[in-house]
> 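Have a look at this one.
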Amino acid sequence: MFETVIGLEVHVQLNTKTKLFCSCPTSFAEHQNINTCPTCLALPGALPVVNREAVIKAMRFGYAVNATVNHISNFDRKSYFYPDSPSAYQITQLYRAVVQNGELFIDLDNGTKKRIGITQAHLEADAGKNIHDGDISKVDLNRAGTPLMEIVSEPDMRSASEAVAYLKKLHSTVRYLDISDANMQEGSFRCDVNVSIRPKGQKEFGTRVEIKNINSFKFVASAINYEVQRQIEAYEDGIYKDEVIQETRLWDTDRGVTKSMRGKEEAADYRYFPDPDLRPLVVTDEMIEEAKKMPELPDAKVKRYIEELKIKRVDALIICSDKELAQFFEEMLSRGASAKTSVNWLTTELLGRLNKSGYSIIDSPVSGKKLGELVSKIDSGAINGKGAKDILDVLMEEDRDIDELIESMGLAQISDDRAILEIIDNILSKNQDKVEEYRGGKVKLIGFFVGQVMKASRGSANPQKVNQLLRERLK
Amino acid sequence: MITLKEALRKSREELDRLRLEIEEKARESNLNAYIDFSKSGDGVPILIKDNIQVKDWTITSGSKILQGYIAPYNATVIENLKANGLSPFGRANMDEFAMGSTTESSYYGVTKNPYGEDRVAGGSSGGSASAVAGGIAICALGSDTGGSIRQPASYCGCVGMKPTYGRVSRYGLASYASSLDQIGPITQNVEDSAILYDIISSYDPKDSTSSNLELIPTAKNLNPDRKLKIAVIDNYIREASSDVQNTYKIAIEALKSEGHTIIHKEMTNTKYDIASYYIIATAEATTNLARYDGIRYGSRVEGDNLQETYLNSRNQFGDEVKRRILLGNFVLSSGFYDAYYLKAQKVRHIIRDEFNKIFKEADLILSPVAPTVAPKIGSFKDPLEMYKSDMFTISINLAGLPAISLPISRDSEGMPIGLQLIGNLFSEQTLFDGAMSLERAVNYI
């Protein structure tokens with residue numbers, strides 16, 4: 001039996017206004033090489049100046065994961081030649097990162113939590129992009145110098161599902177902190193996986209293989225599972241030493257396999273050393289104060305939902321896993337909707353409809369406030385569930401006034417005692433024989449009476465009310 | 001040639017005439033001090049070393065690889081010059097990427113010494129010093145990483161000053177070794193040096209290594225009558241030629257006659273300075289020069305693939321530059337970092353501490369600039385021999401101190417011999433005061 005050991009390196013693109021070492025905007029540019037300047041083009045004589053906003057965002061992350069935020073950290077040069085790297089070295093933090101020794105807790109399926117250590121989170125500059133166009137290659141440096149935060153975990157994960165849980169937790173944390181858009185497809189949340197195996201009980205780690213180029217949670221799981229299988233097979237076939245070497249492999253999405261990228265013998269020597277253009281990064285009290293201003297984070301939110309709103313843990317976890325979902329939920333509550341009904345209408349009714357029509361919560365045609373309004377109508381008994389579903393279907397198509405829809409679709413629920421009693425009395429007088437049978441002990445007939453009354457009201461009577469009033473009348 | 005102080009008082013018309021005059025004289029000169037006669041503005045003309053960025057000028061760091069490169073922005077020092085009535089006028093020859101002590105490594109050929117055309121002007125700011133000493137520039141900017149301002153000034157018989165690290169912005173200076181580089185003035189006398197230093201020094205938010213300590217103008221506060229305590233490093237002088245040793249004696253007597261107190265000190269053998277300097281400088285240089293890859297600007301030599309294009313383009317570097325790139329890569333390579341780079345940093349701290357100790361007792365230190373007068377062109381056969389000639393200047397860069405080289409006497413063949421005064425960090429005023437006093441006492445012509 002084997003144990004899998006996984007560590008993750010995640011590159012998060014920070015959503016700062018300007019680049020990490022110059023004042024070029026990080027926003028989208030119409031043309032290539034527009035968002036550039038002498039510094040990010042590495043022209044002779046240009047120098048880097050650290051972006052304070054990026055430092056604060058990295059520090060905020062540090063505080064959010066219970067890490068040590070170093071009051072003095074350093075930037076280092078990592079040398080390698082590639083056309084998308086203008087200075088032929090990347091400015092990063094190797095020897096002393098701004099954030100060290102943090103932790104993140106993942107929720108396991110069995111309801112317990114597991115601690116995943118975060119070795120460090122450091123700031124570094126992104127490269128540009130090479131565009132291959134037939135015979136020629138072009139370089140676009142709009143992205144060059146964009147701030148990245150690389151978050152390095154301890155090798156604490158033991159399965160693909162733990163790795164994915166960690167990634168999701170990290171993803172939601174940076175989204176909650178509003179320090180990154182963290183979009184995997186667009187590359188603002190990139191993940192490299194380090195995987196090794198060892199026979200259960202062995203203390204030493206096996207040979208670590210790095211997998212790059214994975215751009216979805218699903219592929220992270222597939223890539224790990226494939227790689228673990230490959231390593232185990234090599235071990236069992238007695239060719240572990242030859243087959244599993246310390247190397248970087250790429251995940252091939254189409255074929256569902258990992259492929260060797262470069263071997264050990266060609267391993268790059270990055271010749272790290274402290275960047276002499278930058279003095280040590282010193283964190284001021286003012287920066288600490290600013291970095292500690294933090295929104296409510298997922299774990300705290302889950303706790304509050306369970307304790308104060310009395311929501312089931314599993315529901316709280318789902319809603320809080322996504323910042324936008326939690327925001328949507330809280331907007332519903334702000335319209336007076338009850339927490340209990342809101343959970344169901346958000347996670348089942350709305351999300352179901354969104355899924356079907358290919359929307360996500362961010363571009364939902366029905367706003368949190370609108371759905372909250374609808375749910376509060378159910379809570380008050382103004383409409384019943386079936387009517388509300390019909391209204392929601394309409395709202396998915398166009399934004400309409402809910403009261404108007406209730407009116408025009410004839411969905412107003414009769415909750416007025418007198419009006420319901422009128423119908424009840426009418427039904428009972430028409431069915432005197434059944435009334436006698438009921439009173440004689442055939443209590444199952446209550447269903448028949450409710451059905452008749454609902455039918456007579458054309459579905460608009462409040463069923464709970466009907467039930468209650470019928471029982472009183474039949475005593 | 002009129003001094004900077006005088007030139008700053010000239011009318012616009014007089015300056016127009018002056019520029020024409022200088023250009024005419026410089027074009028006739030055989031010194032090869034000017035690379036070209038680019039102009040920017042109509043103020044007092046100042047010669048600019050070819051590694052300081054002037055907007056719309058071709059700026060090449062004396063290298064083939066930057067042929068055709070046009071700087072799209074001004075260095076901060078250029079902005080400072082322009083704001084104070086000076087105008088960049090001509091590019092000064094230099095060793096390629098400031099790597100060298102003779103300007104022999106320049107793509108534009110060697111600059112000659114105005115006191116002997118078979119002699120080097122020194123380097124790397126050889127063009128700047130030769131032009132000022134040769135009467136074809138009022139003043140010039142140079143850059144000093146290990147003596148590149150002070151040594152050519154000493155060889156050519158003019159005044160070269162390296163400010164405290166962080167006093168003058170490096171923004172726009174093509175980096176050689178970022179932690180050592182500093183732009184400074186090359187002038188005809190000490191007063192001009194102070195005037196030009198005041199103009200170029202500033203706190204610059206664009207340079208993270210720039211100092212924001214308050215700047216007090218030095219030129220208008222110059223006082224050569226201050227009585228100072230000046231340390232001489234006895235074991236240093238023993239390593240210099242007899243001509244330099246004699247000059248040293250002349251300077252000590254001159255300082256005594258001015259009423260200064262001389263104290264005697266010893267310092268660690270200069271061989272450690274040279275070793276740590278060439279590790280730190282080349283480590284920084286190898287990364288600073290990695291950007292010259294032929295991809296985005298400068299001269300590209302195409303190959304069949306990316307790797308070849310890199311190799312072909314970077315093969316345009318001269319031998320000295322290649323040698324230092326190789327050395328820098330070696331000392332940073334995996335497994336050697338601790339043995340070389342880290343150890344060199346420790347030596348750097350020791351050197352700093354030694355200076356600090358001396359400055360607890362002394363206001364200034366008097367030291368040779370170079371062990372000999374300007375050597376003959378082509379006489380350095382072995383690069384190590386050239387590296388050794390930096391023995392008296394590099395420790396000042398390693399410690400970040402300000403220093404000024406000024407001419408004291410000449411040898412039997414008439415070649416100038418300069419000495420340097422070294423000040424404590426940010427003590428430029430004391431440095432200029434002492435230098436002015438020494439200048440007055442030795443009365444060098």
Side-chain angles (χ1 to χ4, degrees), chain A residues 20-23 32-33 36-52 74-91 94-95 128 130 132 135-141 144 267-282, chain B residues 51-53 59-61 63 66 69 71-76 97 166 169-175 177-181 204-210 280 283-284 286-298 306-307 309-310 314 328-337 341-342 345:
Chain A
L20 185 52
F21 295 111
C22 62
S23 50
Q32 283 85 37
N33 298 309
T36 57
C37 72
T39 297
C40 60
L41 290 176
L43 299 188
L47 296 171
V49 175
V50 181
N51 179 343
R52 189 174 180 273
N74 298 91
F75 287 101
D76 304 294
R77 291 182 177 178
K78 175 185 182 181
S79 288
Y80 65 94
F81 280 96
Y82 207 58
D84 65 7
S85 172
S87 53
Y89 58 80
Q90 179 191 35
I91 305 179
L94 175 75
Y95 294 110
N130 289 351
H132 303 290
D135 277 353
I136 56 168
S137 293
K138 299 171 179 176
V139 183
D140 177 12
L141 298 173
D269 182 352
Y270 292 122
R271 290 153 286 148
Y272 288 97
F273 84 110
D275 191 323
D277 281 335
L278 293 160
R279 293 207 189 263
L281 174 62
V282 179
Chain B
N51 58 357
I52 300 170
Q53 313 300 304
I59 300 288
T60 69
S61 286
S63 180
L66 276 173
Y69 174 72
Y73 74 99
N74 273 331
T76 300
F97 286 104
S169 169
R170 293 188 298 113
Y171 187 77
L173 169 68
S175 297
S178 310
S179 75
L180 305 162
D181 294 342
D204 185 5
K206 286 196 280 231
D207 173 1
S208 307
T209 62
S210 169
I280 291 166
E284 294 181 6
T286 195
T287 51
N288 283 331
L289 267 58
R291 66 188 57 195
Y292 305 111
D293 57 6
I295 301 291
R296 296 170 316 291
Y297 53 80
L306 179 64
Q307 173 93 354
T309 301
Y310 277 146
R314 289 174 65 77
N329 275 317
F330 172 73
V331 298
L332 289 179
S333 54
S334 174
F336 293 104
Y337 179 81
Y341 186 81
L342 221 54
Q345 287 294 5

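These numbers come from a predicted model, not from an experiment. The sequence lines fix the lettering, A, B, ..., with proteins before strands; numbering per chain opens at 1.
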> Testing the 3.5 Å rule here: is there a donor-acceptor pair between the side chains of B/Asn288 and A/Arg77?
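Checked: B/Asn288/A/Arg77 side chains pair up, N/O donor to acceptor below 3.5 Å.
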
> What part of B/Tyr171 is in contact with chain A, defined as an atom under 4.5 angstrom from a non-hydrogen atom: side chain, backbone, both or neither?
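It is both, since atoms from each part get that close.
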
> How about B/Ser175 and B/Glu284: does a side-chain donor come under 3.5 Å of a side-chain acceptor?
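No, B/Glu284 and B/Ser175 have no side-chain donor paired with an acceptor closer than 3.5 Å.
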
> Identify which of B/Gln345, B/Gln307, B/Arg291 forms the greatest number of heavy-atom pairs closer than 4.5 Å to chain A.
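Maximum pair count with chain A is reached by B/Arg291.
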
> Which atoms of A/Pro86 are under 4.5 Å from chain B, going by heavy atoms: the side chain, the backbone, both sets, or neither?
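When you check distances to chain B, atoms from both the backbone and side chain of A/Pro86 fall under 4.5 Å.
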
> Select one option (side chain, backbone, both, neither) describing which atoms of B/Ile295 are under 4.5 Å from chain A's heavy atoms.
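Interface part for B/Ile295: side chain.
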
> Looking only at heavy atoms and a cut-off of under 4.5 Å, which of A/Val139, A/Leu43, A/Leu41, A/Val49 has the most pairs with chain B?
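Highest number of pairs under 4.5 Å: A/Leu43.
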
> Between A/Asp277 and B/Thr209, does any side-chain donor sit less than 3.5 Å from a side-chain acceptor?
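Short answer, no.
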
> Looking at A/Tyr89, does the NZ or CZ of A/Lys78 lie under 6.0 angstrom from its six-membered ring centre and within 45 degrees of the ring axis?
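Pair A/Lys78/A/Tyr89 does not count as cation-pi.
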
> Heavy-atom distance under 4.5 Å to chain A: side chain of B/Asn329, backbone, both or neither?
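For B/Asn329, backbone and side chain are both near chain A.
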
> Using heavy-atom distances under 4.5 Å, tell me whether B/Arg170 contacts chain A through its side chain, its backbone, both, or neither.
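Backbone plus side chain of B/Arg170, per the 4.5 Å heavy-atom cut-off to chain A.
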
> Can you tell me if B/Ser63 uses its side chain to pair, donor with acceptor, with the backbone of B/Thr60 under 3.5 Å?
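Looks like no, no N/O pair under 3.5 Å.
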
> Need one label for B/Gln53: side chain, backbone, both or neither, based on atoms under 4.5 Å from any heavy atom in chain A.
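The side chain, not the backbone.
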
> So does A/Asp269 get a backbone contact from the side chain of A/Arg271, meaning a donor-acceptor N/O pair under 3.5 Å?
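Indeed, once roles are kept as given, a pair shorter than 3.5 Å links the two residues.
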
> Quick check on B/Tyr292 against chain A: is it the side chain, the backbone, both or neither that has a heavy atom closer than 4.5 Å?
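For B/Tyr292, the side chain is the part near chain A, not the backbone.
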
> With a 4.5 angstrom heavy-atom cut-off, could you sort out which part of B/Leu342 is near chain A: side chain, backbone, both or neither?
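Contact with chain A is absent: no heavy atom of B/Leu342 under 4.5 Å.
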
> Under 4.5 Å heavy-atom distance to chain B, tell me which part of A/Phe81 shows up: side chain, backbone, both or neither.
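Both parts, backbone and side chain.
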
> Counting only heavy atoms closer than 4.5 Å, note whether A/Ser87 contacts chain B via side chain, backbone, both or neither.
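For A/Ser87, backbone and side chain are both near chain B.
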
> Please say which of A/Tyr95, A/Tyr270, A/Tyr272 ends up in a ring pair (Phe, Tyr, Trp, His ring centres under 6.0 Å) with B/Tyr337.
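Checked A/Tyr95, A/Tyr270, A/Tyr272 against B/Tyr337; only one passes ring pair (Phe, Tyr, Trp, His ring centres under 6.0 Å): A/Tyr95.
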
> Any chance the side chains of B/Asn51 and B/Ser61 put a donor and an acceptor closer than 3.5 Å?
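B/Asn51 vs B/Ser61: no donor-acceptor pair found between side chains.
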
> Sort out for me which of B/Leu66, B/Leu332, B/Leu289 touches chain A most, counting heavy-atom pairs under 4.5 Å.
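Top option by heavy-atom pairs under 4.5 Å: B/Leu332.
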
> Would you say B/Ser210's side chain and B/Asp204's backbone share a donor-acceptor pair under 3.5 angstrom?
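Indeed, once roles are kept as given, a pair shorter than 3.5 Å links the two residues.
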
